[in-house]
Amino acid sequence: MRRPVFIANWKMNHGPTEARAYMAAFTARWTPHEDRTVIFCPPAISIGVVMHALGSRRDIAVGVQNVWTEDAGAFTGETSARMAADAGARYALVGHSERRHVFGETVAETALKCAAAVRNGLTPILCVGELLAQREAGTTNEIVLNQLRAGLAEVGNESVAAAIIAYEPVWAIGTGKTATPADASTVHAHLRGALRERIGDRAAAVPIVYGGSVNGGNAESLLAARDVDGLLVGGACLDPANWATICGTRAAKG
Ligand code: 13P
């Protein structure tokens, strides 16, 4: 059994002051659940505040939204995986659709960022997803499998087995359009097949989460789908009460 994973991606929202208020509201209503993993990915500048708000709570983990490929040096404006780990992060989103399509991140950079995360003890959450035109052209599987294989090319099999994969169709992000549970399930099964080629039976334990216009109304049906092991949420995680509701989604298969 894979434990469901609920990942909040705040994107460029909630600076330190808002993050402090948010975490106070969330931690007051969210009690530890042993059957699921909750991860917050705040902007790097708010990680310290989030860590402080969590205090001794170990049931909620923190991730960084992006890392640079190097650990330190003359890279103005970037955050390294080493620094994110030092700030308390345990996870790193890598290859998020906005990094690829807004900031022009290449698959080669994505691979180096996964390697930087692993080198610094962070678990990569490798994001893959096709554009609408690619879906309409029938190339979804080819696109996401290429992103998966290339993204993991610079890390060893142990790290692949310990990673989290996120399928986020680009056309579903922030648009209110969601993949159907069946469509998500189909892509997730292909992704797991590709993981199996790389790491054999250990692929069965790798969480593959879905993202793209997830909300309180569709979370349960998406999570019920085969091979959908969790949710990566943007807009609907920005309110602490909404997010606590989504984190509490019944996670039963079938
Ligand atoms: P939305 O939930 O706002 O569609 O964003 C999804 C996403 O990109 C999470 O990483």
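Counting starts at 1 for both ligands and their atoms, following the listed order.
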field: SB check Arg100 Glu105 (cutoff 4.0 Å)
entry: no
Gly235: numbered ligand 1 atoms lying under 4.0 Å from its heavy atoms: 1 (P), 2 (O), 3 (O)
message: Regarding Glu197 and Arg149, does a basic nitrogen lie under 4.0 Å from an acidic carboxylate oxygen?
response: yes
query: Closer than 4.0 angstrom: is that true for some heavy atom of Ala172 and an atom of ligand 1?
result: yes
task: For Gly174, take its heavy atoms, then give the atoms of ligand 1 lying under 4.0 Å from any of them.
output: 1 (P), 3 (O), 4 (O)
message: If I apply the N/O under 3.5 Å rule, does Thr175 come out as touching ligand 1?
response: no
task: Enumerate the atoms of ligand 1 whose separation from the nearest heavy atom of Ser213 is less than 4.0 angstrom.
output: 1 (P), 2 (O), 4 (O)
message: Can you name the atoms of ligand 1, numbered from 1 with element, that are less than 4.0 Å from a heavy atom of Gly234?
response: 1 (P), 2 (O), 3 (O), 5 (O), 6 (C), 9 (C)
- prompt: Which heavy atom of the protein is the closest neighbour of atom 5 (O) of ligand 1, given with residue, atom name and distance?
  reply: Lys11 NZ, 3.1 Å
message: For Asp229, is there an ion pair with Arg36 - N to carboxylate O distance below 4.0 angstrom?
response: no
Ring-ring centroid check Trp243 Tyr22, cutoff 6.0 Å: no
query: CG of Leu132: more than 12 outside heavy atoms within 6.0 angstrom?
result: yes
field: Presence of salt bridge, Asp227 and Arg2, under 4.0 angstrom
entry: yes
field: Numbered atoms and elements of ligand 1 in range of Leu232, under 4.0 angstrom, heavy atoms
entry: 9 (C), 10 (O)
- prompt: Is the shortest distance from a Lys or Arg side-chain nitrogen in Glu34 or Arg3 to a carboxylate oxygen in the other one below 4.0 Å?
  reply: no
message: Under a 3.5 Å cutoff, is there a donor and acceptor pairing between the side chains of Gln147 and Tyr167?
response: no
query: For ligand 1, which atoms, with element, lie under 4.0 Å from some heavy atom of Glu168?
result: 6 (C), 7 (C), 8 (O), 9 (C), 10 (O)
- line: Logged contact type for Ser97 with ligand 1, heavy-atom cut-off 4.0 Å, is neither
message: Please work out, at 4.0 Å between heavy atoms, whether the side chain, the backbone, both, or neither of Ile173 comes within that distance of ligand 1.
response: both
